[in-house]
Trainee: 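Would you mind keeping the following structure in view while I ask a few things?
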Amino acid sequence: MILVLGVLAFAGILDRDDKAYRVYSFRMNQVSQGLEADSPVKLFVLNARTSGDMQTGWFLSPPQSAQAPVIDSHQHLFSPAAAALVTGNPNAPGISARTLIELLDSAGIQRALVLSMAYTWGKASRAPVANEYEHVKTENDWTAQQVAQYPDRLRAFCSFNPLKPYALEELARCSKDPQLHYGLKLHFGNSDVDLDNPNDVAKVAKVFEAANRYHMPIVVHLHTSIDNQRKYGADQARVFLNQLLAAAPDVPVQIAHLAGAGGFNSATDAALGVFTDAIAKHDARMKKVWFDATVVVRPSMSPDDLQLIAARIRQLGVARVLYGSDAPASPLLYPKAGWAAFQRLPLTPDELRVVAGNIPPYMRDFAKR
Ligand SMILES: [Zn+2]
């Protein structure tokens with residue numbers, strides 16, 4: 001249903017380690033059901049504050065309508081407690097599985113991979129919370145209970161900060177959980193994994209080895225911390241390839257945001273170049289590696305930026321590129337809008353069809369309704 005012209009909304013993008021409250025304004029010219037009373041946009045609108053980098057976009061009306069993706073490979077739910085922590089608003093409602101299902105339905109997407117937000121309880125650049133590990137377990141378990149309500153639609157990956165003393169204990173616990181054993185999400189930015197620090201790399205390698213032993217695939221937000229100004233580019237991507245990917249040779253690994261942190265800049269391109277080179281050389285370590293293109297396309301991107309991203313996707317090979325939306329914290333991030341944004345890339349209809357139809361191994365074998 002077509003609603004208002006020129007509705008102005010404020011929304012935050014929440015998965016970058018330092019861009020949690022980066023605020024965009026945008027106009028919507030076509031808004032479907034999603035924005036009504038129950039909308040998760042509340043999670044952020046209540047907290048939105050203006051920033052210097054407002055941008056205007058006209059995203060919610062897709063330029064064309066290629067078949068919707070089968071899978072949204074990068075989603076999040078927020079318990080009310082996690083939403084309160086992230087937004088600073090004690091009344092933030094969170095994002096439930098029911099809300100996500102409605103948004104997937106309005107985009108025509110069948111299934112989603114839900115990456116637990118438990119790691120945010122151990123966020124490196126936020127003041128520590130009391131009883132952190134209890135909160136981590138509670139968030140993972142809440143996420144498990146949410147996805148269990150939609151066994152034919154949603155699957156959850158467990159998460160935690162891999163540098164924390166409880167990391168291996170939580171991984172072992174998740175490996176035995178009927179909902180959480182499917183895989184692991186790590187966020188190097190949020191957790192401040194410094195790929196230039198051998199101690200950090202050694203700790204994370206232990207987590208990769210253990211996940212490999214438990215046959216748990218890994219989704220990794222590889223981009224290092226922007227808050228803590230860690231270096232990021234080709235050197236850090238090489239550490240990942242040589243020391244971390246090599247530690248989990250038997251499980252699929254999904255590198256989020258095309259190896260960036262949302263958007264696409266020269267550091268992301270340099271990191272991604274390490275992987276496109278390895279793929280070109282038929283490097284065995286890349287055999288089970290997937291890439292999600294979640295929130296890579298931004299409203300402000302020039303045709304040249306879009307061309308570059310499309311070229312990199314072709315170098316990776318469209319058969320290993322997955323569509324993802326990220327948490328529906330604002331209408332800009334709803335799956336329908338995200339897929340419309342992705343289609344701004346100058347990919348051919350056939351290439352778009354391949355991406356839309358890709359199903360990574362860990363999103364197969366769903367229960368029949
Ligand atoms: Zn995310």
Side-chain angles (χ1 to χ4, degrees), residues 11-22 24 40 43-44 69 71-79 82-83 85-87 94-97 99-100 103-104 107 109 111-126 136 139-140 143 146-147 154-162 182-193 217-227 232 253-264 268 290-298 321-330 332-335 337-339 341-342 360 362-363:
I13 309 263
L14 68 152
D15 201 37
R16 310 301 84 66
D17 76 290
D18 74 326
K19 301 252 174 68
Y21 303 105
R22 188 159 170 193
Y24 289 88
L43 176 69
F44 273 71
I71 311 282
D72 184 337
S73 291
H74 190 134
Q75 267 298 348
H76 304 281
L77 303 177
F78 281 74
S79 70
L85 177 75
V86 168
T87 63
I95 300 175
S96 68
T99 297
L100 175 58
L103 293 171
L104 293 172
I109 299 175
R111 298 176 213 151
L113 176 57
V114 172
L115 308 170
S116 165
M117 287 302 305
Y119 62 80
T120 201
W121 288 98
K123 182 177 182 177
S125 63
R126 194 192 294 118
V136 168
E139 189 71 22
N140 278 327
T143 306
Q146 288 290 309
V147 304
L154 304 179
R155 183 161 281 171
F157 276 16
C158 157
S159 85
F160 48 81
N161 178 335
Y182 288 105
L184 169 67
K185 158 73 185 281
L186 299 175
H187 195 307
F188 288 3
N190 190 291
S191 302
D192 194 18
V193 172
I218 301 166
V219 174
V220 60
H221 177 120
L222 182 57
H223 197 299
T224 48
S225 176
I226 301 166
D227 282 359
Y232 189 68
V253 173
Q254 174 181 326
I255 297 177
H257 311 295
L258 295 185
F264 198 84
T268 296
W290 298 73
F291 290 83
D292 75 56
T294 305
V295 296
V296 164
V297 177
R298 286 272 161 83
V321 174
L322 303 168
Y323 169 74
S325 306
D326 229 334
S330 83
L332 191 66
L333 294 168
Y334 288 177
W339 178 237
F342 184 82
Y362 37 92
M363 291 303 283

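As a basis for the values below, the full set of heavy atoms in this structure was taken, side chains included, without hydrogen atoms, waters or symmetry mates. When a residue number appears, it is its place in the shown sequence, counting from 1. In listed order, ligands and their atoms are each counted from 1. Since the model is a prediction, treat every value here as computed from it, not as a measurement.
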Trainee: Grab the two heavy atoms, one from V297 and one from A341, that are nearest each other, plus how far apart they are.
Mentor: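 Closest heavy-atom pair between V297 and A341: CG1-O, 3.4 Å.
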Trainee: In terms of the angle between their ring planes, are F157 and Y362 parallel, tilted or perpendicular, with boundaries placed at 30° and 60°?
Mentor: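 The rings of F157 and Y362 sit tilted, inter-plane angle from 30° to 60°.
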Trainee: Indicate the atoms forming the closest heavy-atom contact of T294 with G324, along with that distance.
Mentor: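 Closest heavy-atom pair between T294 and G324: OG1-CA, 3.3 Å.
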Trainee: Which label fits Y323 and F342: parallel for a plane angle under 30°, tilted from 30 to 60°, or perpendicular past 60°?
Mentor: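 If you compare the ring of Y323 with that of F342, the planes turn out perpendicular.
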Trainee: Rounded to the nearest 10°, what angle sits at the Zn ion (ligand 1) between OD1 of D326 and NE2 of H76?
Mentor: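 Centred on the Zn ion (ligand 1), the OD1/NE2 angle is 90° (to 10°).
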Trainee: Below 2.8 Å, can you find an N, O or S atom of H74 next to the Zn ion (ligand 1)?
Mentor: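 True for H74.
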Trainee: Is there an N/O/S atom in H187 at a distance below 2.8 Å from the Zn ion (ligand 1)?
Mentor: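 Of the N, O and S atoms in H187, none lies under 2.8 Å from the Zn ion (ligand 1), which means no.
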